[in-house]
Amino acid sequence: MIRDFVREGVEGGWDVRDLSRIDRDAHVAADVAIVGTGAGGGTAAEILAKSGLRVVLIEEGPLRTSTDFRMREREAYPQLYQESAARKTADKGITILQGRSVGGSTTVNWTSSFRTPSDTLAFWRERYGLRTFDEAQLAPWFAMMERRLQIHPWQEAPNANNSALRDGAAKLGIPSKVIPRNVDGCRNLGYCGMGCPTNAKQSMLVTTIPAALRHGAVLLTRARAERFSFDGTRIGELTVRALQSDGIAPSTHTVTIRARHYVLAAGAIGSPAVLLRSGLPDPYRLVGKRTFLHPVVLSLAVMPQPVNGFSGAPQSIYSDHFMQTQPIDAAIGYKLEVPPVHPVLAATTLVGFGDTHARIMNDLAYGQVIIALLRDGFHAESAGGSVALNGDGTPVLDYPMTPYVWEGARRALLTMAEIQFAAGAKAVLPMHEDAQPYESFPAAREAIARFPMEILRTRVVSAHVMGGCAMGNDVRESVVDEYGAHHHAENLTVFDGSVFPTSVGANPQLSIYGISARNASHLAQRLTGKTAAPIA
Amino acid sequence: MMTRRQWIGGSIAAAALVAGGAAYEFSAAGVDERAIVAAIAPVLLDGALPRDPAARAGAVEDVVRGMEVAVAGLPLELRAQLNQLFGILRFPLTRRFVAGVRDAWPDAKPDEITRFLTSWRYSGVARLRGAYDALHQLMMAAWYGNERAWTAIGYAGPPHVA
C-alpha cells in the first residue's frame, strides 16, 4: 500500500480550501499571494513560508494525490491537464500539454531535469543584458534544487524506447547521454504523465507544497486568479473566481485576497493572461509576446522486437548533438528525446485513420518514437507566439510556424528517421499526413524532402511553454527584471517559465526551479530583511 | 491542387465558422450529434473496432459516450467551437456542401464518409484540416482510452502497484 501522505496531511489539518464548495464570497489576508502551484509557485511557496511569511497559494485545478493516480489516460488527461490535454494554439496547429492540478506541470511531466544550457545563458547575458545569469552564479541554486528534488542521472537501464535512440545514434556517431530525473525510489513504471502513483516523482505536489503547508501556508484550489487591482504603483488586491464542482465553469462566488506582495507563477500562458485581464501598465506591449514552445516533431518506427514504450521511465536518454552543429542563432537546433507511448497519446498523435491507422496501432508494442524539440527564440525569424484573451477572459496562444522553424522541422524528421533505421527499424513513419511507412532511409529521405511543411499537415506538439513576461534590464523590451520583479507594479514578482527571454533549449523544469529559488530567496530577503534559509 | 468543390466548401465553412455557431447551437448531448459520431466512428476507427456486429455496435456506443464525457470536460470556449463544427455537420446544406455528404448521417455510406474525412484532412483551408483533426483526436481518444481497445494492440493495461 502506497502511503498518500498528501491526503493524510490534508485530513490532519493542512489549510486546503476547495473553492467549488464555498457558498458565499470570502476574504483572505496574507503576506504573499502566489498564483500557480507548478515549478515556480511551488518552489517560491516553500522558500517564502520557511522565511516566516504567511503564504496563500491559488490553483485553478483540483488537488489530486497518489490515490487518484490510477494510470489511466482517460481519467488523467481531463483531471490533470489544461483543456483535457487538448489545449491548442489559436490555429489548432500545435497541441500543448500543460498541467492543471496542484503541482502544475510538475505533477504530470516526464521528470527530465536539465540545468539551463550554458550557451542559452551566454545568449541571455549578451543579447538581453542578464548579467547575473552565468553558470557560476546560478550553480548553487541549481545544486540546491537538485538536492531538494533528488535529481540524479537515471541509474537503471533505459527502456527499449530510449535505448533505441541511444543505439541508433551511436551507430551514426551521434553522442547521447543519460537524463537526470527528479525521482526517489522510482519503480520504473512509465506512468509519470498520469501522475506518479507511488509518490516517487519529486514534483511540487509531494515536496515544496507540503513543506509550505506544514509552515502554515493556505492552498486554494479550483480558484482562478481573475485580476489585480492597481493604484498606479502597487497592487491592492487580487480577485479570485471560484469554479464550480466541474472545475471548469466559473461560479458566482469570489475570494478577495489582500497581500503585501503578489507572485505570478501561472505558467507562460496563464501569467500573461492575468496581467492582460488586470490591465497593468504595458507601455511597450510586451506582455504575452515572444512566447516559445520548443515545437516538437515526431517520428514513429516499427521495430522487429517489442519495445513496450508504455513501460519504464519515459525519458532517460537524450542527444544535444543537433543543438551544437551550428551557432545558437543560426539554423534552428533541436534536442532529441523519446516520449512515452501510451494508447491515447499514440492514437491521437498518429496520423491517418481507418485501416492504415489501426494496423499501426495493432503494432503499438513494437512502436518506437523519437521526438525533436526545436530551440525557438534565438533568431529574428523565430519570434515566438503571443497570448491574447478570448471573450470570456480565458487565454489563447497564437503561434505562427515560420519557414525558419519549418526548415528545422524537416531536418529533424530526416535525422530521426536515419537514427531509427540505424537502430534496426523495419519501417519508419514520420508524423506527417502525407507520410507512409517507409522501409529504407533513402525512401524516407526522398519523401521527407518533398513534404509540404504546414500546420495540420505536419504533426507539431509542445510540452514546454516559455516567455511572455520576459526578464531584462531594459523596460522597452522586458516585463520583469532579472529577479522577476515587475517593472511597473512594485509589489508583484513573476516566478515561472514566462520570464525566459527565449526558449531554454532543454526541458525547462530545473531552469524554473533554480531561477525561482534564487529569485524567491531574493524576495524573501526583501520582505523580511533576513537572508532566506536554504531549503536543501 | 484544390478542386472547385473544395474551394466552395472551404468558403462556406469559413463563413459559417466566422458567423459563429449561434444558429446551430445544440446541446453537447444532442441526439443529432450522437448520430453524426455514430456514423463517422466506424469509418475513422475501421480496422480497430470489433467486426462482430453486436460487439461493433457496442463499441460505437462506447465511442459516442466517451466523446460526450470528454466534450463535457472541455473549457466553454472549446465546447462552443465544437458546437460550431457539429452545427456544420448537422445542418443539411452545410453537410452537403462543406462536408460533401449527400445523405443524412445514418444513411451515409462508408465511402462517402471516407471521402469527406479525406477531403478535410488534405483541405487547402487550414480550419477544415483543424476540424478533421478535432474529430480524429476526440474519436481516437474515446476508443483507445477504453480498456476494450487494449487487447488488440498488445497493451495489458497499467501495472498493479502494491
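Keep in mind that the numbers below use all heavy atoms, side chains included, and drop hydrogens, waters and symmetry copies. Letters go in sequence order (proteins before strands), and every chain restarts at 1.
B/A104 pairs by the side chain to side chain contact (heavy atoms under 4.5 Å, CB included) definition with B/R95, B/P106, B/D107, not counting sequence neighbours. Partners of B/A39 by side chain to side chain contact (heavy atoms under 4.5 Å, CB included), not counting sequence neighbours, listed by chain and number: B/W105, B/I113. Evaluation of the side chain to side chain contact (heavy atoms under 4.5 Å, CB included) rule for A/A346 yields A/V341, A/M361, A/L364 as partners, not counting sequence neighbours.
Residue contact with chain B, scored on non-hydrogen atoms closer than 4.5 Å, involves the backbone of A/L350 exclusively. With a 4.5 Å cut-off on non-hydrogen atoms, B/L44 touches chain A through its backbone and its side chain both. In this structure, chain B has a heavy atom under 4.5 Å from the side chain of A/I248, while its backbone stays farther away.
In terms of heavy-atom pairs under 4.5 angstrom with chain B, the leader among A/L189, A/V351, A/L345, A/I455 is A/I455. Chosen from A/G352, A/G367, A/P306, the residue pairing most often with chain B at heavy-atom distances under 4.5 Å is A/G352. Per-residue counts of heavy-atom pairs under 4.5 Å with chain B were compared for A/V344, A/I2, A/V396; the largest is that of A/V344.
Closest non-hydrogen pair, B/A126 versus A/L456, comes out as O-CD1, 3.4 Å. In terms of heavy atoms, B/A48 sits closest to A/A358 at N-CB, 3.6 Å.
In this structure, the side chains of B/V43 and A/F353 come closer than 4.5 Å at one or more pairs of heavy atoms.
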Write out the donor-acceptor pairs between chain B and chain A under 3.5 angstrom, atom names and distance to 0.1.
residue : atom : partner : partner atom : Å
B/L44   : O    : A/G354  : N            : 2.7
B/D46   : O    : A/D355  : N            : 3.2
B/G73   : O    : A/S84   : OG           : 3.4
B/Q81   : OE1  : A/K92   : NZ           : 2.4
B/R121  : NE   : A/E433  : OE1          : 2.6
B/R121  : NH2  : A/E433  : O            : 3.1
B/R121  : NH2  : A/E433  : OE1          : 3.0
B/Y122  : OH   : A/E433  : O            : 2.6
B/R129  : NE   : A/I455  : O            : 3.3
B/R129  : NH2  : A/I455  : O            : 2.7
B/D133  : OD1  : A/R459  : NH1          : 2.8
B/H136  : NE2  : A/L350  : O            : 3.3
B/H136  : NE2  : A/G352  : O            : 2.8
B/Q137  : OE1  : A/K88   : NZ           : 2.7
B/Y155  : OH   : A/Y191  : OH           : 2.7
B/A162  : O    : A/R187  : NH1          : 3.1
B/A162  : O    : A/R187  : NH2          : 3.4

